[in-house]
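As the structure lists them, so they are numbered: ligands from 1, and atoms in each ligand from 1. All heavy atoms count here, side chains included; hydrogens, waters and symmetry mates do not. By convention here, the first residue in the shown sequence is residue 1.
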Amino acid sequence: MPSLTASPAWQALARHRRDMGAVSTRSLFAADPERYRRFSLEACGIRLDYSKNRITAETLELLTGLARERDLEGLREQLFSGSAINTTENRAVLHTALRQRHDAPVTPDGGPDVIPEVRAVMQRLGAFVDGVRFGSVTGLSGRRFKDVVNIGIGGSDLGPLMVVEALRPYQHPDLRIRFVSNVDGTHLYDTLDWLDPETTLFIITSKTFTTEETMTNARSARDWFLGEGGTEADIGKHFIAVSANTAEVAKFGIGPESTFNFWEWVGGRFSLWSAVGLPMAMAIGMERFDRLLAGAHAMDEHFHTAPLEANMPALLGLLGVWAINFWDAPAHAVVPYDQYLHRLPAYLQQLDMESNGKSVDRDGNRVDYATAPVIFGEPGTNAQHSFFQLLHQGTRPIPVDFLAAAESHNPFGDHHRLLLANMLAQSEALMRGRTAGEARAELEAAGTPAARLDALLPHKVFEGNRPSNALLYKKLDPYTLGALIALYEHKIFVQGVIWNLNSFDQWGVELGKALARTTGAELAGAPAADHDSSTAGQLLWLRERMATES
Ligand code: G6Q
């Protein structure tokens, strides 16, 4: 296969990009009243409108041509069939098996079928969740649990936290779900402050059960529990483990009866569908957890079977490639006009940037093209009063995903109409822009004096052509959320295939972790190693003051 940028499909796209430089999206809408119909589709309860991207039918043909040239369809097959496509860790990548509804066997890298084991863990998990939610499983004094605290970080935190927030309308009324992730003691301290040890259940979620932050928080939580009247014999009742490393779990003092397993073939950032979803299940109950899995499975089926031209994750991925590699978009904004999705941008930061934030391809070669964008976002309309200035008038195009529900969980006065009106207006403004002629006419109509008008005019012009996607759904329920998350997972997979990346490892997080062992010892008083003067200077400055305080 020729290198990506030298390939015929890439070269054709580069030529097409030059032609498109002269074509505004606004003129494309004017020329084709059918544009929305042509460039939108619906799957699994989600309506995707991508017509505000700077594309024509030819663009899509070239993009899907590129995808075929890079064998997206073949790699998609390998993903679903359990090939070890995470080559640097020699692992299959099977989060899709966790939500599979049918019984077709899934055999990671030709091994035994994993589906029976997945179902067995879920059944045990379901019984435990029901027990806590309905009050038959209790703490040391027989009182019902009131607080569930998940201790985990990264993939063992961001997904469950985002889902619990997103599905708050479905939450158990008497069970509060809290999350502690940061090794900053403030996070744990602030959480413990609210808790009664007799009615608190800790879930220690860690695939490896060796992650420094999680184990530090878990040990401190255990110390707090023992300090507040709990005994060693009560630990098993108040501390649950979710992990792929049962040996380390046992060392911590949690027995197999209080442990829920998952497997090496589940990547951390793709793990919310496994027992890692325990805090979610506690919040919304097993039936709704199951609906979340069903929504994700429906999106899996769509991604697996739909032709690329009508395949939502494939289209989103390819449109991202078009923006990043051919229009130099450095970032991608995620703006949910849905307050319950307020942690979605944070969740997608990890999912996207940890998966595709890489500069070496699957074969170990340095790439000569841009890869993952910087992902950022905030709920609308807040975002409009923050970074939208740059989206409208900054120097580089930054694609936006707008997300919105037709129906609010909280129909409160006129709020929802205003919310949706803003979402529609922002995507229209980004696409249309405002020409100098239009800006002049508006200023004249407002009676602006000529000298002031000339000075203001350049500031009032909006170039337009800013691409956006709309992801619309009826209501944010578990099924829709499951489909939405799976949509983004597969979008990222698609981009990883085009860029020839291994989207499933994360070696980039290792170096800092290793160096922290040295700096940690030095802060504790060990002689300073051979650092650059900046690191050495900061270390000394901090160490002197830390010492003064103690
Ligand atoms: C995700 C990453 C990473 C991981 C955390 C927590 O894909 O691997 O974010 O989830 O480092 O790891 P543990 O679950 O092993 O504690």
Side-chain angles (χ1 to χ4, degrees), residues 79 85-96 98 121 149-163 179-184 187-188 202-222 239-252 254 259-280 343 345-358 372 375 485-486 488-493 495-496 501-517:
L79 169 79
I85 58 173
N86 176 356
T87 44
T88 60
E89 296 178 304
N90 195 25
R91 281 180 196 156
V93 177
L94 275 175
H95 42 283
T96 50
L98 299 167
V121 172
V149 183
N150 186 73
I151 295 181
I153 196 165
S156 296
D157 168 69
L158 287 160
L161 169 54
M162 183 273 286
V163 171
F179 291 84
V180 175
S181 50
N182 200 337
V183 76
D184 184 341
H187 204 177
L188 182 65
F202 291 96
I203 305 173
I204 316 299
T205 306
S206 175
K207 181 171 167 182
T208 55
F209 232 71
T210 54
T211 304
E212 186 181 59
E213 293 93 328
T214 300
M215 297 327 295
T216 305
N217 277 321
R219 280 191 295 269
S220 297
R222 187 178 53 187
F239 285 78
I240 299 296
V242 175
S243 184
N245 188 347
T246 39
E248 284 298 325
V249 172
K251 278 193 218 157
F252 184 83
I254 300 178
T259 305
F260 295 100
N261 293 106
F262 65 113
W263 306 273
E264 285 302 339
W265 43 263
V266 184
R269 55 192 173 277
F270 301 91
S271 64
L272 66 90
W273 320 100
S274 69
V276 171
L278 181 55
M280 295 149 35
R343 292 297 290 171
Y347 165 76
L348 290 178
Q349 278 173 23
Q350 183 196 23
L351 195 67
D352 200 320
M353 296 198 279
E354 199 166 55
S355 297
N356 288 339
K358 291 163 189 169
I375 301 286
I485 300 169
Y488 275 108
E489 285 178 347
H490 294 317
K491 170 204 162 174
I492 290 161
F493 170 76
Q495 295 188 333
L501 303 174
N502 177 358
S503 302
F504 302 104
D505 59 11
Q506 56 282 316
W507 298 104
V509 303
E510 295 296 323
L511 178 59
K513 266 197 232 176
L515 296 187
R517 283 194 275 279

Please answer whether the main-chain N or O of F239 pairs with a side-chain N or O of R222 as donor and acceptor at a distance below 3.5 Å.
no
N/O donor-acceptor pair under 3.5 Å between N245 side chain and T208 backbone
yes
Whether the side chain of S355 engages the backbone of F504 through a donor-acceptor N/O pair (distance < 3.5 Å, no angle test) should be reported.
no
Which heavy atom of D505 sits nearest to which heavy atom of K358, and what is that distance?
O-NZ, 2.7 Å
Would you check if there is a donor-acceptor pair between the side chains of S271 and S274 at a distance under 3.5 Å?
no
Give the residues near ligand 1 by chain and number, with the criterion being a heavy-atom distance under 4.0 Å.
I153, G154, G155, S156, S206, K207, T208, T211, G268, R269, Q350, E354, Q506
Does S181 offer a backbone N or O that forms a donor-acceptor pair with the side chain of H187 under 3.5 Å?
yes
